[in-house]
Amino acid sequence: MPSPSGPAPSGRPPACPEGGAAAGAGPSAGEVRADGYRAVFAVPEFRFVFAAHLLSSLGVVVCEIALTVLVFRITASPLMSALTFALGLLPYVLGGTLLSAVADRCPARRVLVVCDVLCALAAAGMVLPGTPVAVLLVLRCVIAAIAPVFAGTRAATLGEILGGGELFVLGRSVIRIVNQSAQLAGFGAGGLLLALVSPAAVLALTAGTFLGSALLLRLGTLARPARDGARGEERVALLGASLGGARRLLADRRVRALLLLSWLPPAFVVVPEALLIPYADGLGVGPAGMGLLMCSMPVGAVVAESLAGSFLGPRARTRLTFPMGVFAVLPSLGFAAQPSLGWAVLLLVLTGTGISYNFGVDRWFVAAVPDAMLGQAMTVMQAGRMTVMGSAMGLAGAAAEYAPLRVVMPAAGVLGVVCVLAVIREVRRTAQGRPGGTGPGGRRSGAGPVRPGAGPVRPGAGPVRPGAGPGRPGSRYRNLRHG
């Protein structure tokens, strides 16, 4: 078991959108910029989390492909095949709403390991001979419902491993890079594996990736107490705590604005992505051209995320938040001209670069949420994002039934610009008068107690707040995916 690693910052990064680097949040801004991602991978615990995330992400992507092929071979129904993919998004709202309190009321390592084991069991159940299609789809829903709880808990754990400030922001960036890269590698690996072995064998392999992830998290991360300190009679039922926590988060104007900022750009970005197959068919480019279009957006995302994290400082990344949030939805307007394959690829690559707006959103969101609710808040964020994206895909497909693609795809860009600008205005308004950030219930960020076992405070981390106690401060940073 590794020793405690990573800084224990003395407070959350500032919530003000125009602010620069956080004061007292781990290494200085210059130090983090100089080291870039190397500073994150220098933390031993993070390396285990990274390896586990890489395994489970590849497992999820390959599982989706193999299960879709298996269902199509059994039913010969395109509808059932498409439904299999859709079920990878829709159950997020159930897990994220009804189970979100798990992320804070149970020890994080236990939650992560149990989630991986449950996903492994669900994947293994798909391998059993003669499993009815209905059961296969239910098992797919189980994995999808667990995903937001796992993602939210892992995001909160990153705050405990890396502390607040730029190390956490860069750690979240690494997670997003893995998510996008897993789409590229997963689709390629899944297609290659399905050409060599049966879908059942591929599903068995994905079960192994989940178990490998669970083992890495169990052996490579510290056992930490639950963030929610309520015990015994103080605790309410899981369902009530989950729904009540979600209501409390959404009732806070600042948190609500930041949630919308994390949800809306991806919702409009996926509209052209959801229509790429019929668009490629209209171009007559064949499977190779279709594959190139599908890979374009993840490539843009990986390149932009890597460059921003490696070469830009905290202040520059934060200032990119609003411009890149708007820019992400602008390339859709180019599809009004019905571009050829090359121009369409360029538009999609540019769209993918908009993912870099998440650097600032991550920083502001963690500053606005109480420490005891951070895991739940990140779970709600993840569930909301995936649900909104899935709904947008469905609406885009329905609109394309009645209007040509050259109208539907740019219309999403126009509507996206209007909605994102409106949300940016609200985020700016809620930042006024909250330089330190307050969460629901008026708790100032960084004002909570410090938990023991979070590792030593690094030099230059800033003074510890009065009453902080020894160990870990009460403000942490959490996950925002695109994973």
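- Here salt bridge (charged side-chain N to carboxylate O under 4.0 Å, His left out) pairs that include residues 256-271, with residues two or more places apart or in two chains, number zero.
- Considering CG of Leu137 and CZ of Arg140, their distance stands at 10.0 Å, rounded to 0.5 Å.
- Using the six-membered ring where Trp is involved, Trp364 and Phe322 have ring planes that are tilted, between 30° and 60° apart.
- Side-chain atoms of Thr321 come within 3.5 Å of backbone N or O of Thr318 as a donor-acceptor pair.
- Two residues are said to be in side-chain contact when any heavy atoms from C-beta on lie closer than 4.5 Å; Val43 and Leu162 meet this criterion.
- The two residues Ala182 and Ser57 make their nearest non-hydrogen contact at CB-CB, 3.7 Å.
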**OP:** Apply side chain to side chain contact (heavy atoms under 4.5 Å, CB included) to the pair Trp263 and Val423, showing each step before the final yes or no.
**Re:** CA-CA 10 Å; Trp263 294 343; Val423 171; over 6 Å; no
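- Within the model, atoms CG of Leu258 and CG of Leu249 stand 11.5 Å from one another, a figure rounded to the nearest 0.5 Å.
- Thr353 places none of its side-chain heavy atoms less than 4.5 Å from the side chain of Val303.
- Of the possible polar contacts, none joining the Arg254 side chain to the Ala368 backbone as a donor-acceptor pair under 3.5 Å is found.
- Side-chain contact between Phe41 and Val174 is present, with at least one heavy-atom pair separated by less than 4.5 Å.
- With contacts defined as side-chain heavy-atom distances shorter than 4.5 Å, the pair Phe327/Leu350 qualifies.
- Annotation: cation-pi pair Arg176/Phe359 present, NZ/CZ under 6.0 Å from the ring centroid and within 45° of its normal.
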Subject >> Residue pair Val149, Arg154: steps toward the side chain to side chain contact (heavy atoms under 4.5 Å, CB included) verdict >> reply: CA-CA 8 Å; Val149 178; Arg154 182 188 59 222; over 6 Å; no
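- Ser310 places no side-chain N or O within 3.5 Å of a backbone atom of Leu307 that could act as its donor or acceptor partner.
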Subject >> Steps toward side chain to side chain contact (heavy atoms under 4.5 Å, CB included) verdict (Leu264, Arg385) >> reply: CA-CA 8 Å; Leu264 287 182; Arg385 177 185 291 112; over 6 Å; no
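- Within the model, atoms CD1 of Ile143 and CZ of Phe150 stand 12.5 Å from one another, a figure rounded to the nearest 0.5 Å.
- Taking CG from Leu211 and CG from Leu216, the interatomic distance works out to 11.0 Å, rounded to the nearest 0.5 Å.
- Side-chain contact annotation: Ser173 with Glu305, donor-acceptor N/O pair under 3.5 Å present.
- Looking at heavy atoms from C-beta onward, Arg73 lies in side-chain contact with Pro199 at the 4.5 angstrom threshold.
- For Ala122 against Leu139, the heavy-atom pair with the smallest separation is O-CD1, 3.6 Å.
- No more than 12 heavy-atom neighbours from other residues, nucleotides or ligands sit within 6.0 angstrom of CZ on Arg110.
- Taking the side chain as every heavy atom from C-beta outward, Met324 and Pro265 never approach each other to under 4.5 Å.
- Judged by distance alone, with hydrogens and angles left aside, the side-chain atoms of Ser296 form a donor-acceptor pair with the main-chain N or O of Leu292 at under 3.5 Å.
- In this structure, OH in Tyr279 is found 6.5 Å from CE in Met409, a value given to the nearest 0.5 Å.
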Under 3.5 Å donor-acceptor pairs involving side-chain atoms of residues 111-118, not counting sequence neighbours:
{"residue": "Asp116", "atom": "OD2", "partner": "Ser213", "partner atom": "OG", "Å": "2.6"}
{"residue": "Asp116", "atom": "OD2", "partner": "Ala214", "partner atom": "N", "Å": "3.4"}

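- Between the side chain of Asp252 and the main chain of Arg248, no donor-acceptor pair closer than 3.5 Å is present.
- Contact annotation: the side chain of Asn179 approaches that of His53 to within less than 4.5 Å [non-hydrogen atoms, C-beta and beyond].
- Looking only at distances, no side-chain donor or acceptor of Ser181 sits under 3.5 Å from a matching main-chain atom of Val178.
- The minimum heavy-atom distance between Thr351 and Met297, with the atom names listed, is CG2-CE, 3.9 Å.
- A distance of 6.5 Å separates CD in Glu273 from CG in Leu276, rounded to the nearest 0.5 Å.
- Contact between Thr379 and Pro148 at its shortest, heavy atoms only, is CG2-O, 3.4 Å.
- Here the closest non-hydrogen pair linking Leu347 and Pro331 is O-CB, 3.4 Å.
- Annotation: side chain of Phe46 is not in contact with side chain of Leu167 (no heavy-atom distance under 4.5 Å).
- Smallest separation of non-hydrogen atoms from Gly212 and Leu55: C-CD1, 3.9 Å.
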**OP:** Report the C-alpha distance between Leu259 and Phe365 in whole Å, list the side-chain angles of each, state the deciding distance to 0.1 Å, and finish with yes or no for side chain to side chain contact (heavy atoms under 4.5 Å, CB included).
**Re:** CA-CA 8 Å; Leu259 284 173; Phe365 189 73; 3.7 Å; yes
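- Judged by distance alone, the side chain of Glu45 and the main-chain N or O of Leu222 form a donor-acceptor pair under 3.5 Å.
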